[in-house]
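Quick notes on the structure that follows.
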Amino acid sequence: MSGRFPEDAHHDADAPDRHELLRRWWRLPAGTRREVRRLSRRGERHPDPQVAWVAWQWAETVLPVGAPEPGRWRNAVSATFFWLQIAGDLIAAADPADAPEPRWLDRRRARRILRLGPPVS
């Protein structure tokens with residue numbers, strides 16, 4: 001991965017689109033994503049710089065810099081629609097390879113990763 005900060009990457013013409021950044025996160029093994037979340041709760045980055053960079057880009061995509069903090073009402077509505085979306089996906093047999101759109105829980109996890117600052121390579 002390059003040593004550029006994410007905000008620089010978003011301005012490049014060859015920068016990956018939003019959905020590709022989400023897919024990169026979801027392509028990481030479940031155990032690795034779980035480890036990133038566990039470490040971020042402790043205030044630490046993942047020791048692998050590539051994983052830390054993917055986590056940072058995912059978090060910045062899910063919760064853009066300057067995005068307002070959601071209130072309780074918005075979280076409750078988001079959680080309700082999250083469960084409705086899961087029910088709809090189960091009924092429609094959605095393709096699990098599609099990168100899911102960020103959800104309320106993702107925003108909370110992204111906030112923890114962004115608090116750590118960008119990874120330094």
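- Summarising the geometry, atom NE2 belonging to His46 is positioned 11.5 Å from atom CZ belonging to Arg37; distances are rounded to the nearest 0.5 Å.
- Across every non-hydrogen atom of Leu114 and Glu60, the tightest pair is CD2-N, 3.9 Å.
- Residues Arg112 and Ser40 come closest through the heavy atom pair CB-OG, 3.8 Å.
- When all heavy atoms of Trp53 and Pro119 are compared, the pair lying nearest together is CE3-CG, 3.1 Å.
- Proximity of a side-chain donor or acceptor of Thr61 to a complementary backbone N or O of Gln57 within less than 3.5 Å is detected.
- Looking at every heavy atom in both residues, Trp26 comes nearest to Arg33 through O-NH1, 3.2 Å.
- Side chains of Trp58 and Arg109 form a contact here, defined as non-hydrogen atoms less than 4.5 Å apart.
- Residues Val62 and Val51 share a hydrophobic cluster, clusters being chains of Ile/Leu/Val/Met/Phe/Trp/Tyr side chains in contact below 4.5 Å.
- Salt-bridge formation is detected for the pair Glu20/Arg27: a Lys NZ or Arg NE/NH1/NH2 atom is positioned less than 4.0 Å from an Asp or Glu carboxylate oxygen.
- Arg111 contributes no side-chain N or O that, together with a main-chain N or O of Ala59, makes up a donor-acceptor pair within less than 3.5 Å.
- The minimum heavy-atom distance between Leu116 and Glu44, with the atom names listed, is CD1-O, 3.3 Å.
- Linking Ile, Leu, Val, Met, Phe, Trp and Tyr whenever their side-chain heavy atoms come within less than 4.5 Å puts Ile113 and Leu22 in one cluster.
- Remark: Glu35 CD to Asp48 CG distance equals 9.5 Å, nearest 0.5 Å.
- Contact between Val36 and Trp25 at its shortest, heavy atoms only, is CG1-CH2, 3.8 Å.
- Annotation: the span from Leu21 atom CG to His19 atom NE2 amounts to 10.5 Å, rounded to 0.5 Å.
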